[in-house]
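Okay, structure first, notes after.
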Amino acid sequence: MNYWLLKTEPETFSWATLANDGHTVWDGVRNYQARNFLRQMKEGDKALFYHSGKEKQVVGICSIVKGSYPEKGQEANNWVVVEIVPDQLLENPVTLKSIKSVPVLSEMLLIRHTRLSVMPISSLEFYTIVELSKKQKP
DNA sequence: GCCAACGTTGGC
DNA sequence: GCCAACGTTGGC
């Protein structure tokens, strides 16, 4: 199983919307590097759900329930989508600031490649952030 | 193939 | 509001 981080602007698509809908097709990715990571996603993988923009924090955990397949209408351009479901809301959001303050997380693409919206993370990074969410105060 | 101009993302 | 870091586009 692999771990990922999915970035979204909450004004466009938020955790609340995902939680409410119970399922979504992660489409609209138009960046080659992000697409290449999307392609590697498999059913059963886990992903941290990150709100960019004003919030800048990881807010939840979701699961990939359907691995990548061609985006409808974009087959010719090779863009792909995956399907996700909300897994759990973090007890407390984990802010970018707090992520930056933890040495073991300093190599994350989230920090090193600011503009990347779909990225792999290690299991250590995944669980470190989950643990942080249990310690932080709201 | 190079590079300037422009557009977008995302943090500060 | 600004800027850094990219990515894309188009002229040459």
Side-chain angles (χ1 to χ4, degrees):
Chain A
M1 193 217 294
N2 288 306
Y3 297 94
W4 309 93
L5 184 146
L6 294 174
K7 194 187 282 184
T8 176
E9 290 203 45
E11 292 80 5
T12 308
F13 187 87
S14 69
W15 173 266
T17 305
L18 176 64
N20 186 58
D21 294 352
H23 171 272
T24 201
V25 177
W26 203 255
D27 60 6
V29 172
R30 294 291 182 273
N31 170 281
Y32 291 108
Q33 200 181 355
R35 183 196 67 187
N36 290 342
F37 290 134
L38 263 191
R39 283 216 171 112
Q40 297 169 34
M41 289 190 190
K42 298 274 194 299
E43 180 180 342
D45 286 356
K46 299 281 184 190
L48 295 177
F49 197 93
Y50 178 86
H51 279 175
S52 63
K54 274 185 98 173
E55 292 192 30
K56 297 183 280 290
Q57 57 191 9
V58 178
V59 294
I61 301 169
C62 55
S63 291
I64 282 71
V65 291
K66 189 167 181 185
S68 65
Y69 58 93
E71 181 171 336
K72 200 178 179 195
Q74 290 293 332
E75 295 86 350
N77 300 318
N78 291 319
W79 297 120
V80 299
V81 301
V82 296
E83 294 183 14
I84 64 173
V85 295
D87 199 342
Q88 62 182 97
L89 175 70
L90 293 183
E91 292 175 42
N92 305 292
V94 178
T95 63
L96 179 62
K97 189 179 174 185
S98 64
I99 289 172
K100 283 183 171 175
S101 73
V102 179
V104 78
L105 300 177
S106 64
E107 296 300 306
M108 288 185 73
L109 290 174
L110 180 68
I111 298 168
R112 304 191 57 150
H113 252 156
T114 318
R115 295 184 54 193
L116 190 59
S117 63
V118 177
M119 67 194 78
I121 60 177
S122 70
S123 57
L124 174 64
E125 289 163 347
F126 181 89
Y127 287 109
T128 300
I129 289 172
V130 171
E131 285 307 308
L132 277 177
S133 75
K134 295 173 181 171
K135 291 173 189 167
Q136 284 189 340
K137 291 183 179 175

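Heavy-atom basis, side chains included; hydrogens, waters and symmetry copies ignored. Convention: sequence-line order gives letters A, B, ...; per-chain numbering from 1.
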| said: Using ring centroids (six-membered ring only for Trp), state whether A/Tyr32 and A/Trp79 fall under 6.0 Å. | reply: yes
| message | Looking only at side-chain N and O atoms, does A/Ser101 offer a donor or acceptor that is under 3.5 Å from a partner on A/Ser98? | response | no
| message | Heavy atoms only, 4.0 Å cut-off, all strands: where does A/Lys100 land among base, sugar-phosphate and nothing? | response | sugar-phosphate
| query | With no hydrogens and no angle check, is any side-chain donor or acceptor of A/Ser63 less than 3.5 Å from a backbone partner on A/Asp87? | reply | no
| request: Using a 4.5 Å cut-off on heavy atoms from C-beta on, say whether the side chain of A/Met108 contacts that of A/Ile121. | output: yes
| query | In terms of ring plane angle, is the pair A/Trp4 and A/Phe37 parallel, tilted or perpendicular, where the classes change at 30° and 60°? | reply | tilted
| Boundaries of the chain A footprint along DNA chain B (any atom under 4.0 Å from a heavy atom) | B/dG7 to B/dC12
